[in-house]
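Remember, it's a predicted structure, so these values are computed and weren't measured experimentally. Remember, it's 1-based here, ligands and their atoms both numbered in the order they're listed.
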Amino acid sequence: MTAKDKSSPPDAQSGAKPATGANSMWGGRFDRGPAAVMEAINVSIDVDRKLYAEDIQGSRAHAAMLVATGILSAEDGAAIDRGLATILAEIESGTFEFSRAREDIHMNVEGRLADLIGPAAGRLHTARSRNDQVATDFKLWVRAAIDRADGALLRLMRALVDQAAQHADTIMPGFTHLQAAQPVTFGHHCLAYVEMLNRDRGRFADAKSRAGESPLGAAALAGTPWPIDRVNTATALGFEKPMANSLDAVSDRDFALEYLSAATITALHLSRLAEEIVIWTTAQFAFARLSDAFSTGSSIMPQKRNPDGAELVRAKVGRILGDLTALCVIMKGLPLTYSKDMQEDKPPVFDASEALEISLAAMAGMIEDMEVNKPRMLEAAGAGFTTATDLADWAVRALGMPFRDAHHLAARAVGLAAEKNVGLEDLSLGDYQSINPKIDARVFDVLGVTRSVESRTSFGGTAPIRVREQVKYWQGFLA
Ligand code: ARG
């Protein structure tokens, strides 16, 4: 307490109105206002102003329900609704003055409503608390964020399917351990990400369906004696139904946690694609080129085309996982029901949504105009003896060998080719017969990368005919 605090006279005022300096929303029993640092730690308007549209939407639905149930007069209801519409317009046109003294978005809106319509504004909070109000606003916001993530995921999926359609038979090395393993098609590679991203959409959709119950009407924690209609407000706000337990309704933040975990997995997927773009666009790989719009130069090295966008996308998962971790730790160990700790739930969610949405948009932009270097990919596909498995499979099929023996045979061929510094298809029939005299000229049919890729027709395999089927499926799905 500062000297000034101590010397300030206790406010003599008592009764219905809070003392000067005390908060007009809840300061009825307070003799004076908060310490400056208390206000500073308590205030959330700089963060939760993002919820303004949901807050006004929730209040309008609540007021309409209060009128429908006879709790609020039609006149007051109409004045409240008009006032809230004015506030929405003020905020959207930038003329609204957000006040730190009014703490948060809920009290900023309600305080402004009182400025605009007078005492009737005070009736809006009947049968409601900021506890169910904030849970409702935030859940509505997260549901909208899920829809935006879904739209952004679809755009990226389309970009990948377009690349897959163009490159259903573009051959590249497939990797395990980042070592050339077997030839695959670039189209197949792109569609692997489409599968991942569609699972991401499923996780967001699951999160949204579980976030389909409205907290509004739980009031502070225990429900309310007022004859409210929670189905009415739930329906008006686009929820499926009201949450069945008032304690759960005000203390639950699972919807935010689920959003953050789905966002984390999506961002993790994006980081893998980003890493591949970083690798593909090196001079050493030269598999792909990002457009000028998605490359940056170096101020000192004129030859450079840096994939900064991909690198930043690769990094964003760190932030988003950090946001998930933050909210998990904030919620951990909180007793039922609301605790002010929960005001700290919004920064991580807002931060993650911004990071996720910009990552998805940047990645879609990069993929949409990324150019693939087909000759370079083809050349790399054949390097590193990537058809050794085809040779082993051939020996099983044509010579009736057990796979383990065929594996040894192919390994010896790889050794010989490495020694001669040539590819498997460049060894002579004599070379092959020195390994096993039963090998005949048909072996050359399986050694090229094109034949290798074309032969992998199993369901889910990389053969161009299978890739084209999948492209068609996804084109239909995304149409
Ligand atoms: N600003 C608060 C939050 O975001 C609103 C709820 C306040 N409720 C309360 N009982 N103090 O959590």
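Nearest protein heavy-atom contact of atom 11 (N) of ligand 1 is Arg130 NH2, 3.6 Å. Regarding atom 7 (C) of ligand 1, its nearest protein heavy-atom neighbour is Tyr338 OH, 3.5 Å. With hydrogens left out, the protein atom closest to atom 9 (C) of ligand 1 is Asn131 OD1, 3.4 Å, a heavy atom.
Every atom of ligand 1 with a heavy atom of Ser44 under 4.0 Å away is listed here by number and element: 1 (N). Listed by number with element, the atoms of ligand 1 under 4.0 angstrom from any heavy atom of Asp104 are 1 (N), 2 (C), 5 (C). Atoms of ligand 1 found under 4.0 Å from any heavy atom of Gln343 (numbered from 1 in listed order, with element): 1 (N), 2 (C), 3 (C), 4 (O), 12 (O). Each of the atoms 3 (C), 4 (O), 12 (O) of ligand 1 lies under 4.0 Å from some heavy atom of Lys346.
Checked against the 6.0 Å centroid criterion, the rings of Trp474 and Phe477 qualify as a close aromatic pair.
Within the structure, ligand 1 lacks Glu103 among the residues with a heavy atom less than 4.0 angstrom away.
A salt bridge between Asp200 and Arg203 is present, with a side-chain N of the basic residue lying under 4.0 Å from a carboxylate O of the acidic one. Checked for salt-bridge contact, Glu54 and Lys346 miss the test: no charged N lies under 4.0 Å from a carboxylate O. For Arg210 and Asp254, the salt-bridge test fails: no basic side-chain N is under 4.0 Å from an acidic carboxylate O. Using a cut-off of 4.0 Å between Lys/Arg side-chain N and Asp/Glu carboxylate O, Glu469 and Arg466 are scored as salt-bridged. In summary, Arg130 and Asp48 do not engage in a salt bridge, as defined by a charged side-chain N under 4.0 Å from a carboxylate O.
Annotation: cation-pi pair Arg49/Trp141 absent, no NZ/CZ under 6.0 Å from the ring centroid and within 45° of its normal.
Residue-level proximity to ligand 1 for His106 is carried by the side chain, the only part with a heavy atom below 4.0 angstrom.
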